[in-house]
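First comes the structure, then the notes that go with it.
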Protein chains: 2
Amino acid sequence: MSQTLDDVAKTAGVSRSTVSRVINAHPNVSADTRSRVEHAIEKCGYRPNAVARSLATNRTNIIGIVVPESVTKLFTDPYFPLMLRGATEACNRNGYHLILSLFTGSIDSDVMHDRIARSGYIEGVVLANSSLDEMLVPSLFKEGIPFVNIGRHPDDRVNYIDVDNLGGARMATEHLIRMGHTRIATIAGPNNMAPGQDRLEGFLEVMRAHRLPVSKEMIAEGDYTEAGGRAAMMQLLNVRPTAVFASSDTMAIGAIKAIRAANLAIPDDISVIGFDDIPSGLTIDPELTTVRQPIEQIGRLAVETLFNVISDSTSGKREASVHRLVLPTELVIRKSCGHGMSRKD
Amino acid sequence: MSQTLDDVAKTAGVSRSTVSRVINAHPNVSADTRSRVEHAIEKCGYRPNAVARSLATNRTNIIGIVVPESVTKLFTDPYFPLMLRGATEACNRNGYHLILSLFTGSIDSDVMHDRIARSGYIEGVVLANSSLDEMLVPSLFKEGIPFVNIGRHPDDRVNYIDVDNLGGARMATEHLIRMGHTRIATIAGPNNMAPGQDRLEGFLEVMRAHRLPVSKEMIAEGDYTEAGGRAAMMQLLNVRPTAVFASSDTMAIGAIKAIRAANLAIPDDISVIGFDDIPSGLTIDPELTTVRQPIEQIGRLAVETLFNVISDSTSGKREASVHRLVLPTELVIRKSCGHGMSRKD
DNA sequence: GATAGTGTTGGGAGCGCTTCCAGGGAGGGG
DNA sequence: CCCCTCCCTGGAAGCGCTCCCAACACTATC
């Protein structure tokens, strides 16, 4: 059986309290007893019971990261592994554990909500890319669980970390215009997610600023999957844009395949620009011009922000400040965009 | 402050024990008191404290999945998200939580080992694709923590779940031979991982069986990354095979890019076959012929097997049986393989 | 009508740890 | 020489739950 604090205390000839002090590096222990206790710990092969400790301290060193149902199907998108890597990295460095909750649809989402919100293990939650109407947000507030959302959120009590989707979309659009394009279409993301809205908004702003027309037919909506991108592009092909701004690389890749299937060349006939900068943007031919977002950093910062939120809430500040952070995006020029022909008009 | 069992007991006018019985659905509670207690629970907004419960029952309902350092860099490969999805699915269905441990190198791996093996929260561990010399395995044995490895393992006490890598590699090679190829090269995986060994072995077996020569120059080793696949292919190009069997789709994609860069056509000049069946095998041009492994199922079955191992160890069976499972693979024929020219000889 | 059995309840010990509090010993200042 | 600190240590009370055991009805049986 595993050793307890008492066993160690007995073999060291001290009290349980003293052993506890040694383990928690409390200053008030004489060097002599300290080493005696350390030997005893060694000898017993003692390891503290984390659960008992949690019960006494009311801290678990566990946080959760939850991926809502609306995006679980996108989970194979390299975005998530990268984000997770950043998140685990931050956890590792701070001695925290990360519980991964994916809504898989095999179980009632009410049950999942309940399980997350009332888990009892979780000190806080990172909500990965929830849609704006995500029902988990109210539950989390109700249960008083600290959380940070990835992606902006309209409720102004919500802590979030976001990337500059607006600016990224602007850069992408400016780039196309700079290359001489005027017939520019876009494949937008679903309208119930903030990035979808923002990237579309950035696109439209720049188009308006340049007095370029954007008819309804030039805007198609995809669901961030490759198939969705392909379908959207097939629709756009009817209006023959010379360039397309896709709200994600995965959709851009779908678009490229649709363009190819129509026997058109990229970038000669149609230029394509994506968003995200996922690895397969380098796999596709031609290599994808895109807007880079610092995915791994997003995960890391979300977790670190969560730690701040948790410590705010623990230190009992009544009306703690809301934590928000917006990370910059960056234009990555590769080979899927060429010059537009439209200078002539 | 959050309510405790005692609070509920008081408002229901019963003892703590009775409330506990209601919560744990113990049969010996009269319908009358049961409903009274349920009302009280409702009224107090009571939720059981999972940590206290764990301390009393010695069960946490938490398992861990750990991705060793050797494969963390491959984490963006769609293999992992898919596997994780299967794993979380199984956890969700069984009311378990999943702690994700990625070795990121930002922290000493000894510390990570320790943290996992002595976590105290974790009832068991799924070890994702550890290399054969993974040091975590001995730690896990030493601490007596139930675990299941994904991928076979030479130590015959290790529970594992694997796919039929040997059979898959055989199928792939047979397919190439059937198409008329005789100059077949392979891009193998690292030799310290079981799948790398097995896939190479399957390849060699079939080649031998058909009395086809395999010189050393026809075998290149990659590290499962696209860049590794590309480098390996560049090397193989010197000996001009007419077909290549790559040990993973990601490496196959790298190979395709190397072949393209050398101005050769696929499948006309060189046929390429991969292994895994990841989504981007459909993105690449031409679509990749490959060997499919049921990735999501691997994750699910690993977790379910772990549950069995845990319940074995809990029920105190001294020498519990070793759990092992090998899943079938399947040939997926697409467009990256063509007929070999070598029938003439 | 006494006895055994069955179903229901409350009391209490204990899970392994932290942490407050009080007490004892040593050292320094008056 | 005494008193006041300060440092170190042990005792004990909890954290919130489970679960065993004893106690108490209340019915069924002979």
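Convention: sequence-line order gives letters A, B, ...; per-chain numbering from 1.
Not one side-chain nitrogen or oxygen of B:Ser20 sits closer than 4.0 Å to the OP1 or OP2 atom of D:dC17. For D:dA12, the OP1/OP2 oxygens have no side-chain nitrogen or oxygen of A:Ser17 closer than 4.0 Å. For A:Thr33, a side-chain nitrogen or oxygen approaches OP1 or OP2 of D:dT9 to under 4.0 Å. Between C:dG16 and A:Thr4, no contact under 4.0 Å exists linking OP1 or OP2 to a side-chain N or O. Listed pair B:Thr18 / C:dG10 meets the phosphate criterion, a side-chain N or O lying under 4.0 Å from OP1 or OP2.
Considering only side-chain atoms of B:Ala56, the nucleotide from C:dC17, C:dG14, C:dG11 that sits closest is C:dG14. When the nucleotides D:dT9, C:dC15, D:dG10 are ranked by their closest atom to the side chain of B:Leu55, C:dC15 comes out on top. Among C:dG10, C:dC17, D:dC17, the nucleotide with an atom closest to any side-chain atom of A:Arg16 is C:dC17. Of the candidates D:dC8, C:dT18, D:dC17, the closest approach to any side-chain atom of B:Arg53 belongs to D:dC17. Among C:dT18, C:dC17, D:dT18, the nucleotide with an atom closest to any side-chain atom of B:Thr57 is D:dT18.
Atoms CG (A:Asn28) and P (D:dT5) sit 18 Å apart, rounded to a whole Å. Regarding A:Lys10, its NZ atom lies at a distance of 15 Å from the C1' atom of C:dC17, rounded to whole Å. Rounded to whole Å, atom P of D:dG10 lies 12 Å from atom CG of A:Leu5. We find that OH of B:Tyr46 is positioned 7 Å from C1' of D:dG16, with the value rounded to whole Å. Whole-Å rounding puts the B:Asn49 CG to C:dC15 C1' distance at 13 Å. Atom pair A:Ile23:CD1 and C:dT18:C1' shows a separation of 11 Å (rounding to whole Å applied). Between B:Asp6 atom CG and D:dC17 atom P there is a gap of 8 Å when expressed in whole angstrom units. The separation between A:Asp7 atom CG and C:dG16 atom P is 9 Å, rounded to whole Å.
Between the side chain of B:Arg324 and the backbone N or O of B:Val158, at least one donor-acceptor pair lies under 3.5 Å.
Atom-to-atom distance recorded for B:Arg300:CZ and B:Arg85:CZ is 11.0 Å, nearest 0.5 angstrom. Taken to the nearest 0.5 Å, the CG atom of A:Asn149 stands 11.5 Å off from the OG1 atom of A:Thr305. Atoms CD and CD, from B:Glu89 and B:Glu296 in turn, are 7.0 Å apart once rounded to the nearest 0.5 Å.
Backbone-only contact: B:Val14 has heavy atoms under 4.0 Å from sugar-phosphate atoms and none from a base. In this structure, A:Val29 reaches the sugar-phosphate backbone alone: every heavy-atom distance under 4.0 Å involves primed, P, OP1 or OP2 atoms, never a base.
Residues A:Val66 and A:Phe103 meet the side-chain proximity criterion, which asks for heavy atoms closer than 4.5 Å. Put simply, the side chain of B:Val22 reaches to within 4.5 Å of the side chain of B:Glu38, judged on heavy atoms.
In terms of position along DNA chain C, the nucleotide closest to B:Arg21 lies nearer the 5' end than the nucleotide closest to the other residue of the pair A:Ala50 and B:Arg21.
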